[in-house]
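The residues of the chain are indexed from 1 along the displayed sequence.
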Amino acid sequence: MADALYDIAEPGESKAKEACAGRAVGIDLGTTNSLVAAVRDASPVSLPDAEGRMLLPSAVRYRADGAPIVGREALAAAALYPHDTIVSVKRFMGRGPKDAETTRRFTPYRFVEGDGPVVKFAVAGPREVTPMEVSAEILRALKVRAEVALGGPLEGAVITVPAYFDDAQRQATRDAGRIAGLEVLRLLNEPTAAALAYGLDKKSEGMFAVYDLGGGTFDISILKLTGGVFEVKSTGGDTALGGDDFDRALAELIVAKTGGDAATMSASAQRALLDQARAIKHQLTTEETVLLDTRPESGSVTRAEFEAAILPIVARTAAACKRAMKDAGIDRGQLDGVILVGGATRVPAVRAFVEELFGHEPLADIDPDQVVALGAAVQADLLAGGGPREDVLLLDVIPLSLGLELMGGVVEKIIPRNSTIPTGAKQTFTTYADKQTGFDLHVVQGERETVNECRSLARFQLKGIPPMAAGMARLEVTFLVDADGILRVMAREQTTGQESSVEVKPSYGLTEEQIEQMLFDSYEYAEEDLTARLLAEARVEAERILAALAGALVSDGRLLSAEERTAIEGTMAGLAEAVKAGDHHAIRKRTSELDLQTKPFAERRMNEGINRAIGGHQVDEIGDRVEHAKGTAAHEGPGGGH
């Protein structure tokens with residue numbers, strides 16, 4: 001394998017956004033609530049609705065006649081219209097119809113059956129809507145609010161996403177923005193937005209953990225702050241873990257206390273139960289006991305019971321936090337602080353857990369529901385060319401490695417996880433077989449060594465390459481990840497100039513366990529993966545040698561004695577058996593034996609080829625040709641490949 005050639009793109013070179021000199025806002029598209037903010041008088045502020053309320057409930061109700069209703073009115077009608085009122089839509093962004101999210105308990109929606117790439121809800125109309133369309137209604141309502149508050153049309157918006165959103169979920173968020181009529185300047189990771197809101201760019205140096213537990217997602221990021229540079233050292237989390245899970249756990253507790261049967265509940269009853277659980281959760285933030293009804297005899301829930309019910313959920317965040325610190329190369333004693341983000345961090349048990357886990361009393365000076373939108377507003381102002389913080393530089397990372405499938409089903413990682421974005425990398429490959437006229441490229445994402453254990457992102461082809469001997473073609477593959485974390489892959493055959501490219505747009509997201517499981521598995525199965533990779537590589541090399549040698553025996557077998565040929569064919573048979581047996585040590589051993597045994601044959605073939613080439617030519621003429629070849633080579637670029 002030749003050395004990889006890395007070409008790191010500068011921040012302005014990857015899908016650069018033009019400066020937007022106008023009204024730019026930051027939007028936190030949240031699971032439970034959403035809000036919009038803007039910079040006014042050099043400070044970020046949330047923009048209220050007509051009644052002065054900052055938070056817009058992330059709820060959309062579809063009606064048989066009339067436009068959809070968004071916000072508090074929709075949420076209030078959720079129990080009456082459970083099938084037509086979509087809440088917590090963020091948990092469905094970028095997911096497929098067979099995703100585990102669609103089968104969770106207390107999920108009252110009517111999902112459209114089929115094998116399509118995107119979840120669809122059947123709502124009043126009748127009509128079918130995707131999570132992107134639902135999210136677009138929320139974004140559209142925030143857009144109108146901002147235009148009223150700022151006195152004119154918006155020029156652009158920065159929309160925040162969980163740091164652990166994969167490519168499909170990011171694409172879905174960007175698509176929702178476009179449907180809403182927004183110019184999406186950038187997708188900004190929520191932990192980084194929170195750090196901006198705290199004004200940590202004013203601190204000369206420090207290492208901070210951002211613990212973000214929202215309604216539907218959990219993120220943990222480790223940020224290193226040096227002057228005005230925000231460098232994300234590592235990130236982790238779970239795109240299906242949050243305050244909604246607290247509601248479900250509390251709902252289960254209420255059902256157990258009242259003797260109900262969740263399995264037989266109607267959709268309306270399920271929605272009413274979840275609404276009750278959410279209200280009780282909020283009360284338990286400040287109270288020790290809450291009645292299930294206005295009558296004392298109806299029973300009650302204590303804070304201790306609630307905390308016991310959610311403890312396993314909160315504990316699930318610990319593994320991601322510890323791994324993020326390990327990936328960043330630090331321990332908790334090297335942290336300068338911990339920032340709390342997300343409404344679920346209001347729960348006292350969560351704050352106590354975070355303090356014990358990190359050994360720091362967490363920072364919660366800014367409303368955790370507003371902090372992300374405020375930070376997004378700062379970034380939007382920067383991209384619009386305003387504000388006093390032009391020296392702030394954000395360096396986010398990608399959550400999972402990106403690579404290509406090689407022969408034998410192994411993965412060649414082109415860009416490793418936790419690489420700072422925007423970024424790019426190039427690597428050169430070559431052909432495996434003679435007369436190959438094209439390449440099939442398979443782009444994958446994950447941490448395992450074999451393709452079957454990673455996620456397929458995209459496939460595309462490069463055709464039109466003239467037939468050449470194996471190893472002669474030079475395929476340069478370039479991966480570019482822009483500031484939004486969106487991947488583009490380009491392939492170019494260097495000898496012919498043939499090109500092809502693909503903007504990777506996965507149409508469905510990972511299941512709730514897959515991203516987390518990918519990382520756990522990469523550690524747990526590291527030894528098995530390495531063995532599988534070594535076996536695959538050994539098999540590919542052995543099969544290539546056997547094929548080449550079989551061709552050589554057909555064309556030049558006359559150069560061998562009968563005894564030599566019999567011995568070589570016997571060793572070839574032994575290598576073929578080793579390939580079938582699946583022991584990479586045996587394959588390597590047999591390959592070395594065959595290589596040693598066939599060296600005299602290779603020398604005879606080379607000598608015969610040289611004799612044919614120089615036959616009938618004078619020595620001086622050959623010398624002139626050599627000198628001419630040297631001069632030509634001096635003007636050619638470097639080459640390399642597999």
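Inter-residue side-chain proximity for Leu182 and Ile27 is flagged as met; some heavy-atom pair is nearer than 4.5 Å. Inter-residue side-chain proximity for Ile159 and Leu139 is flagged as met; some heavy-atom pair is nearer than 4.5 Å. Counting only heavy atoms from C-beta outward, the side chains of Leu383 and Val158 approach each other to under 4.5 Å. You'll find the side chain of Met325 reaches within 4.5 Å of the side chain of Leu335, heavy atoms only. With a 4.5 Å cut-off on side-chain heavy atoms, Thr173 and Val184 do not count as touching. Inter-residue side-chain proximity for Ile545 and Thr598 is flagged as unmet; no heavy-atom pair is nearer than 4.5 Å. Between Lys589 and Glu593, some side-chain heavy-atom pair lies under the 4.5 Å cut-off. Side chains of Leu575 and Ile587 form a contact here, defined as non-hydrogen atoms less than 4.5 Å apart.
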Donor-acceptor contacts, no H, no angles, side chain residues 397-406, under 3.5 Å, sequence neighbours left out:
from: Ser401; atom 1: OG; to: Arg417; atom 2: N; distance (Å): 2.9
from: Ser401; atom 1: OG; to: Glu447; atom 2: OE1; distance (Å): 3.0
from: Ser401; atom 1: OG; to: Glu447; atom 2: OE2; distance (Å): 3.1
from: Glu405; atom 1: OE1; to: His442; atom 2: ND1; distance (Å): 2.7

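Between atom CG of residue Leu188 and atom CD of residue Gln379 there is a gap of 5.5 Å, rounded to the nearest 0.5 Å. The structure places CD of Gln169 at 10.0 Å from NZ of Lys90, a figure rounded to the nearest 0.5 Å. To the nearest 0.5 Å, atoms OG1 (Thr130) and CZ (Phe92) are separated by 12.5 Å. From His585, atom NE2 reaches atom CG of Leu535 across 10.0 Å, with rounding to the nearest 0.5 Å. Taking CZ of Arg588 as the start and CG of Asp595 as the end, the distance is 12.0 Å to the nearest 0.5 Å. Here the OG1 atom belonging to Thr423 is positioned 12.0 Å from the CD1 atom belonging to Ile414, to the nearest 0.5 angstrom.
Of all non-hydrogen atoms in Ala376 and Ala193, the two that sit nearest each other are N-CB, 3.9 Å. Summarising the geometry of Val39 relative to Ala377, their closest heavy-atom pair is CG2-O, 3.5 Å, with the distance given to 0.1 Å. Minimum interatomic distance between Thr217 and Pro162 (heavy atoms only, all atoms of both residues): OG1-CG, 3.5 Å. Across all their heavy atoms, Ala324 and Ile222 have their closest contact at O-CG1, 3.8 Å. Of all the heavy atoms in Ala552 and Arg605, the pair that sits closest is CB-NH1, 3.4 Å. Here the closest heavy-atom approach between residue Gly237 and residue Ile220 is recorded as N-CG2, 4.3 Å.
Comment: Lys233 engages Glu231 in a salt bridge, judged by a side-chain N to carboxylate O separation of less than 4.0 angstrom.
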Problem set entry | Working for side-chain contact (heavy atoms from CB on, under 4.5 Å), residues Leu441 and Leu475 | CA-CA 11 Å; Leu441 293 103; Leu475 178 70; 4.1 Å; yes
Problem set entry | From CA spacing to verdict: side-chain contact (heavy atoms from CB on, under 4.5 Å), Ser135, Leu29 | CA-CA 8 Å; Ser135 296; Leu29 183 60; 4.1 Å; yes
For this session: Test Met93 against Asp175 for side-chain contact (heavy atoms from CB on, under 4.5 Å), laying out the working first.
Result: CA-CA 10 Å; Met93 293 289 276; Asp175 289 345; over 6 Å; no
Problem set entry | Full working for side-chain contact (heavy atoms from CB on, under 4.5 Å) between Val489 and Val477 | CA-CA 7 Å; Val489 181; Val477 179; 4.0 Å; yes
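Under a 3.5 Å cut-off, the side chain of Arg474 and the backbone N or O of Thr428 do not form any donor-acceptor pair. At least one donor-acceptor pair closer than 3.5 Å links the side chain of Asp336 to the backbone N or O of Met207. Between the Gln334 side chain and the Asp331 main chain, a donor and an acceptor come within less than 3.5 Å of each other. Remark: the backbone N or O of Ala384 is not paired with any side-chain donor or acceptor of Asp381 at under 3.5 angstrom. Judged by distance alone, with hydrogens and angles left aside, the side-chain atoms of Arg492 form no donor-acceptor pair with the main-chain N or O of Glu476 at under 3.5 Å.
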